[in-house]
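Each ligand, and each atom within it, is numbered from 1 in the order the structure gives.
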Amino acid sequence: MRRNLRDARVLITGASSGIGRALALELAPYEPRLLLTARREDRLASLTQELQGLGCDRVVSVAGDITEPKIRERLISVAQQSMDGLDILINNAGAGAYGPFANASSDRLHQLMEINFFAAVELTRSALPILYEGRTPLIVNVGSVLGHVAVPNKSEYCASKFALHGFSDALRCELAEEGVDVLLVSPSTTSSEFFERLVDQDGDPQVNRFSMTPEAVARKTIAAMKSGRREVVLSWGGKLLVLLDRIAPSLMSWILSRGNQEAQPQSSENS
Ligand SMILES: NC(=O)c1ccc[n+]([C@@H]2O[C@H](COP(=O)([O-])OP(=O)(O)OC[C@H]3O[C@@H](n4cnc5c(N)ncnc54)[C@H](OP(=O)(O)O)[C@@H]3O)[C@@H](O)[C@H]2O)c1
């Protein structure tokens, strides 16, 4: 179903930087009512000012940790009070980690699942009653190519994004009758603060030089929201990886294992 974004009431999580911030700015020409959230209050305040400078003056923000139930409850009540409801929920807040699973504490897994999966799922649960009343309601889950293709040293991140992928597909079927759409957006490496703010790092993540900009991710996401897509992998490289993993999973696994072995530091006998 095609969707008119003009005047839409939109809640964006993770709006203080990167993709979330770019989504807010790229939505501005549609004169939406925006509810922005993230932990860094100063960033939300400067984004609100920037949006006002673009003529988008119906913006409210709530600062806080999205993994806390109280913040999620507050977001829903602010959506009702300040925007009189909600049309679009964008679950974008997320974080990464890098390093072998075997060396990591269970805390790394729990943190990533809390931010990338449970927070998005529980915010969705709380938002559903008001989304049912919304205009062409939509839930946008920002996943990752790594929610389709699993790679070494990002096991916890892949697990969280595969979980979000599965949840999105199941929910889409459940909500079809209610008229609520679910869009899964899967960016490839994006030049944001993401790699500077990993929750844990053991080794060098060697960030892909051919990354997308947050603005490009936001523009493609908005195009998918307007055209009623159910799922979108945003880059050609990402599409190729997903296709290769589907048609030749053993080959893909072999390539990734070899790459990982070659990237290992030399053993002490050789060094
Ligand atoms: N960058 C990439 O290469 C890439 C690739 C594929 C998918 N993605 C996904 O894209 C989404 C956005 O990432 P990005 O690249 O824009 O990274 P980013 O610049 O680091 O932005 C992450 C956003 O999430 C917020 N956030 C993180 N933990 C939070 C928490 N506990 N509570 C509330 N907000 C929290 C951050 O705000 P505060 O720190 O102010 O709270 C920030 O606004 C994530 O879901 C990520 O997994 C990124």
* Check whether any side-chain heavy atom of Met83 sits under 4.5 Å from a side-chain heavy atom of Val78, and report yes or no. => no
* To do: State, with a plain yes or no, whether a side-chain heavy atom of Gln111 is found less than 4.5 Å away from one of Glu156.
  =>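 Not touching, per the 4.5 Å side-chain cut-off.
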* If you take all heavy atoms of Leu183 and Ala224, which pair is closest and at what distance? ->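 Here Leu183 and Ala224 meet closest at CD2-CB, 4.0 Å.
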* Nearest heavy atoms of Leu241 and Met252, plus distance in Å ->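 Heavy-atom minimum between the residues: CD2-CE, 3.0 Å.
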* Structure fact -> OG (Ser188) and CG (Asn208) are apart, to the nearest 0.5 Å, by 8.0 Å
* To do: Below 4.0 Å from any atom of ligand 1, which residues have a heavy atom? Give them in chain and number order, please.
  =>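 Correct list: Gly14, Ala15, Ser16, Ser17, Gly18, Ile19, Ala38, Arg39, Arg40, Gly64, Asp65, Ile66, Asn92, Ala93, Gly94, Ile115, Val142, Gly143, Ser144, Tyr157, Lys161, Pro187, Ser188, Thr189, Thr190, Ser192, Glu193, Phe194, Phe195, Arg197.
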* Are Asn141 and Ser168 close enough that a side-chain donor and a side-chain acceptor fall under 3.5 Å? ->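 Judged by distance alone, the side chains do pair up.
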